[in-house]
Every structure is written in structure tokens, then in C-alpha cells.
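Working notes for the structure below.
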Amino acid sequence: QVQLVESGGGLVQPGGSLRLSCSCAASGSIFSINAMSWYRQAPGKQRELVAALTSGGISGGITNYADSVKGRFTISRDNAKNTMYLQMNMLKPEDTAVYYCNAVISNIVTMVQSNYWGQGLQVTVSS
């Protein structure tokens with residue numbers, strides 16, 4: 001059983017900062033996190049990928065960002081805590097959306113790879 005728990009959303013003024021957290025809790029088997037990412041969905045719009053972080057590699061993982069957030073948002077991960085973060089700086093009103101944590105996780109025992117979602121966090125950027 002895998003559960004993603006998000007925290008850190010809220011209301012912030014334009015130009016402000018927020019940090020979102022996504023903790024992965026697993027029980028009943030041994031899991032490996034292959035990749036984690038943040039998506040967002042604004043009212044009336046499709047869900048879009050904001051930032052992604054793959055696991056492994058010499059550098060510890062590869063990051064990728066949507067053009068709209070490059071230079072403002074930073075995705076990171078604490079492997080010891082199985083927690084992913086999204087540091088959002090210089091926030092704009094157009095960043096207002098529900099933000100979702102996503103994780104691609106493999107069950108080491110069954111070798112089954114599955115996709116998991118957090119419950120969603122409201123982020124509102126407004127003066």
C-alpha cells in the first residue's frame with residue numbers, strides 16, 4: 001500500500017514564495033521510487049506537468065521543468081525521508097491552481113510499476 005501525502009499549499013501574494021511537500025508512505029512490501037513529479041490544474045484547464053525528478057544516475061537524478069516555471073520553481077527530493085519538495089519563488093497569479101504530487105513506484109517483490117497521486121493542494125496567488 002502506497003500513499004502520497006502533500007502539504008504546504010495556501011494563499012500568497014504575487015512575488016512571494018511557497019514550498020510544497022509530498023511524502024511517500026509505503027507498507028506491506030518493498031518499494032522503489034522511480035520518478036516523482038508535480039502537476040497542477042487551474043480552473044477550466046487541463047492538468048499540466050510542472051516539474052519532474054527522476055531517480056538514480058551519477059548526479060542523483062534528472063530534473064525537468066515546464067517553461068512557465070523555469071528559473072522560479074525548484075524540485076528536490078530527500079531520499080532518506082522519501083519526501084519530494086517544490087520550492088516556488090516569484091509566484092504569479094497565473095500559478096494559481098491545485099497542485100498534485102505524482103510518483104511512479106515499483107514493487108520490488110512483484111516487479112509491478114504503478115502510478116500514484118497525492119490528494120491535491122490549493123495554491124492561490126493573489127493580492
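Not measured: the values here are computed from a predicted model. If you read the sequence from its start, that first residue is 1, and numbering goes on from there. Keep in mind that the numbers below use all heavy atoms, side chains included, and drop hydrogens, waters and symmetry copies.
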*CG on N34 to CG on N115, rounded to 0.5 Å*: 10.5 Å
*Mind checking whether M88 and D95 have side chains closer than 4.5 Å, heavy atoms only?*
no
*Under the 3.5 angstrom rule, does the side chain of T54 hit a backbone N or O of A35 as a donor-acceptor pair?*
no
_Using a strict threshold of under 4.0 Å (side-chain N to carboxylate O), is an ion pair present between D67 and K70?_
yes
_Side-chain heavy atoms nearer than 4.5 Å, only ILVMFWY residues, links allowed to pass through others: does that put L121 and Y85 together?_
no
_Between S23 and T83: side-chain donor-acceptor atoms closer than 3.5 Å_ = yes
*asked:* Can you confirm whether L11 sits close enough to S126 that some side-chain heavy atom of one is under 4.5 Å from a side-chain heavy atom of the other?
replied: yes
*Flag yes if more than 12 heavy atoms outside Q46 fall under 6.0 Å of its CD atom; otherwise flag no.*
no
*Do the side chains of C24 and I33 get nearer than 4.5 Å, heavy atoms only?*
yes
*Side-chain heavy-atom pair S37, L49 within 4.5 angstrom cut-off*: yes
*Side chain to side chain, S21 and K81, heavy atoms closer than 4.5 Å*: no
*Tell me, do R72 and Y65 make a side-chain contact under 4.5 Å, heavy atoms counted?*
no
_For the student: nearest non-hydrogen atoms of V112 and S114, plus distance_ = CG1-OG, 3.9 Å
*Side chain proximity check, N102 to R47, heavy atoms < 4.5 angstrom*: no
*Minimum heavy-atom distance between S17 and Q87, given as atom pair plus value*: CB-NE2, 3.9 Å
*Heavy-atom side-chain proximity of W38 to C101 below 4.5 angstrom*: yes
*asked:* Assigning hydrophobic clusters by single linkage (Ile, Leu, Val, Met, Phe, Trp, Tyr; side-chain heavy-atom cutoff under 4.5 Å), is Y39 placed with V2?
replied: no
_Closest non-hydrogen atom pair, L4 against Y116_ = CD1-O, 3.5 Å
*asked:* For F73 and Y99, take the angle between the two ring planes, folded into 0 to 90°, and tell me which bin it lands in: parallel under 30, tilted 30 to 60, perpendicular over 60.
replied: tilted
_Rounded to the nearest 0.5 Å, what separates atom CG in L86 from atom CD1 in I75?_
6.5 Å
_Are L18 and V50 linked, directly or through intermediate hydrophobic residues, by side-chain heavy-atom contacts shorter than 4.5 Å (ILVMFWY only)?_
yes
*Which atom of I108 lies closest to which atom of F31, heavy atoms considered*: CG1-C, 4.1 Å
*Between S32 (side chain) and S106 (backbone), is there a donor-acceptor pair under 3.5 Å?*
no
_Check: E6 side chain, Y100 main-chain N or O, donor-acceptor pair, under 3.5 Å_ = no
*asked:* With a 4.5 Å cut-off on side-chain heavy-atom distances among I, L, V, M, F, W and Y, is there a chain of contacts connecting L91 to L20?
replied: yes
_If you compare all heavy atoms of A97 against all heavy atoms of Q122, which two are closest, and at what distance to 0.1 Å?_
O-NE2, 3.5 Å
